[in-house]
Amino acid sequence: QIQLEESGGGAVQAGGSLKLSCTASTYDYPTLNMAWFRQAPGKEREGVAVIAPQGTRRYADSVQGRFVVSRDNAKNTAYLQMDRLEPDDTAIYFCAAARGVPAFYSLQVDWYSNWGQGTQVTVSS
């Protein structure tokens with residue numbers, strides 16, 4: 001299984017920013033869809049953002065215009081820049097990777113089988 005490691009979480013006030021990083025330990029990283037999911041206590045895991053191998057990006061409606069996903073294939077790393085954070089953004093954020101994910105399903109959790117351990121993001125009001 002592909003190993004993924006997230007970093008960059010923390011506690012911020014509403015309106016602040018954080019940048020998450022996800023590094024993959026695999027030689028075929030450039031072929032992967034790299035996605036970010038989040039899960040708040042008592043809620044289902046939900047897709048946040050994804051970037052395909054060719055660079056196509058998709059976002060959940062709740063973060064559109066506030067978050068930006070990117071990737072650096074030379075470093076085997078994906079990023080999630082989060083701006084104008086809100087208390088409802090509080091969750092554990094997970095990096096996920098998969099191959100051959102159709103664009104229509106790229107923010108659906110069932111299509112991913114490789115997951116990082118998660119990093120906590122807490123936004124206070």
Side-chain angles (χ1 to χ4, degrees):
Q1 188 173 3
I2 299 170
Q3 295 185 355
L4 305 172
E5 182 176 346
E6 304 100 331
S7 63
V12 298
Q13 293 184 330
S17 298
L18 287 172
K19 187 174 184 178
L20 307 182
S21 299
C22 174
T23 299
S25 297
T26 178
Y27 65 90
D28 58 354
Y29 168 86
T31 70
L32 300 173
N33 279 269
M34 298 297 298
W36 292 94
F37 293 79
R38 66 186 181 186
Q39 187 166 18
K43 297 183 178 180
E44 296 181 348
R45 190 169 299 186
E46 63 175 349
V48 176
V50 61
I51 182 166
Q54 73 273 24
T56 302
R57 298 170 173 86
R58 289 179 172 81
Y59 300 92
D61 290 343
S62 60
V63 306
Q64 182 71 48
R66 298 189 297 120
F67 293 7
V68 176
V69 63
S70 61
R71 66 192 298 161
D72 185 340
N73 290 346
K75 298 180 179 179
N76 285 12
T77 300
Y79 305 94
L80 184 67
Q81 176 67 48
M82 305 184 294
D83 295 327
R84 292 180 284 145
L85 284 161
E86 304 170 354
D88 285 347
D89 295 319
T90 296
I92 301 175
Y93 283 71
F94 298 91
C95 178
R99 297 185 186 87
V101 181
F104 186 82
Y105 304 105
S106 60
L107 284 174
Q108 297 193 18
V109 64
D110 290 346
W111 283 90
Y112 293 85
S113 58
N114 300 283
W115 297 88
Q117 63 183 359
T119 185
Q120 177 70 45
V121 171
T122 302
V123 184
S124 60
S125 60

Visitor: Heavy-atom distance under 4.5 Å between the side chains of Trp111 and Val50, does that happen here?
Guide: no
Visitor: If you compare all heavy atoms of Thr77 against all heavy atoms of Lys75, which two are closest, and at what distance to 0.1 Å?
Guide: OG1-O, 2.8 Å
Visitor: Which pair of non-hydrogen atoms, one from Leu80 and one from Ala49, has the smallest distance, and what is that distance?
Guide: CD1-CB, 3.9 Å
Visitor: Please confirm whether the backbone N or O of Val123 pairs with a side-chain atom of Thr90, one donor and one acceptor, at under 3.5 Å?
Guide: yes
Visitor: May I ask you to check whether over 12 heavy atoms, not counting those of Tyr59, lie within 6.0 Å of atom OH?
Guide: yes
Visitor: Starting at CD of Glu46, measure out to CH2 of Trp36 and round the result to the nearest 0.5 Å.
Guide: 14.5 Å
Visitor: Distance from Ser125 atom OG to Glu86 atom CD, nearest 0.5 Å?
Guide: 12.0 Å
Visitor: Please answer whether the main-chain N or O of Tyr29 pairs with a side-chain N or O of Asn76 as donor and acceptor at a distance below 3.5 Å.
Guide: no
Visitor: Within this structure, what is the OH-CG distance for the pair Tyr112 and Leu4, rounded to the nearest 0.5 Å?
Guide: 11.5 Å
Visitor: Looking at Asn73 and Pro30, what are the two nearest heavy atoms and their distance?
Guide: ND2-CB, 4.0 Å
Visitor: Measuring only between side-chain heavy atoms, which start at C-beta, is Arg38 closer than 4.5 Å to Asp89?
Guide: yes
Visitor: Determine whether Leu20 and Val121 make a side-chain contact, defined as any pair of heavy atoms from C-beta on separated by less than 4.5 Å.
Guide: yes
Visitor: Taking all non-hydrogen atoms of both residues, which atom of Gly65 and which atom of Arg84 are closest, and how far apart?
Guide: O-NH2, 2.6 Å
Visitor: In Å, rounded to the nearest 0.5 Å, how long is the span from CZ of Arg57 to CE of Met34?
Guide: 13.5 Å
Visitor: So for atom CD, which belongs to Gln120, do other residues, nucleotides or ligands contribute more than 12 heavy atoms lying within a distance under 6.0 Å?
Guide: yes
Visitor: Can you get from Tyr93 to Leu18 by hopping between Ile, Leu, Val, Met, Phe, Trp and Tyr side chains that sit under 4.5 Å apart?
Guide: yes
Visitor: For the pair Glu6 (side chain) and Cys95 (backbone), establish whether a donor and an acceptor sit closer than 3.5 Å, ignoring hydrogens and angles.
Guide: yes
Visitor: Counting only N and O atoms by type, is there a donor-acceptor contact under 3.5 Å from the side chain of Arg71 to the main-chain atoms of Ile51?
Guide: yes
Visitor: Which value, rounded to the nearest 0.5 Å, describes the distance between Phe67 atom CZ and Ser17 atom OG?
Guide: 9.5 Å
Visitor: Compare every heavy atom of Ala91 with every heavy atom of Ala40, then report the nearest pair and how far apart it is.
Guide: N-CB, 3.8 Å
Visitor: Are Val69 and Ile92 joined in one hydrophobic group, where the rule is that I, L, V, M, F, W and Y side chains link up if heavy atoms are under 4.5 Å apart?
Guide: no
Visitor: Looking at CD of Gln54 and OG1 of Thr56, how far apart are the two atoms once the value is rounded to the nearest 0.5 Å?
Guide: 3.5 Å
Visitor: Check whether Val109 and Tyr105 end up in the same hydrophobic cluster, where Ile, Leu, Val, Met, Phe, Trp and Tyr are linked by side-chain heavy atoms less than 4.5 Å apart.
Guide: yes
Visitor: Can you confirm whether Pro53 sits close enough to Asn33 that some side-chain heavy atom of one is under 4.5 Å from a side-chain heavy atom of the other?
Guide: yes
Visitor: Could you tell me how the ring of Trp115 sits relative to the ring of Phe94: parallel (under 30°), tilted (30 to 60°) or perpendicular (over 60°)?
Guide: perpendicular
Visitor: Go through the steps to decide whether Asp72 and Tyr79 satisfy the test side-chain contact (heavy atoms from CB on, under 4.5 Å), and finish with yes or no.
Guide: CA-CA 8 Å; Asp72 185 340; Tyr79 305 94; 4.0 Å; yes
Visitor: Could you tell me if the side chain of Leu32 sits less than 4.5 Å from the side chain of Ile2, heavy atoms only?
Guide: yes
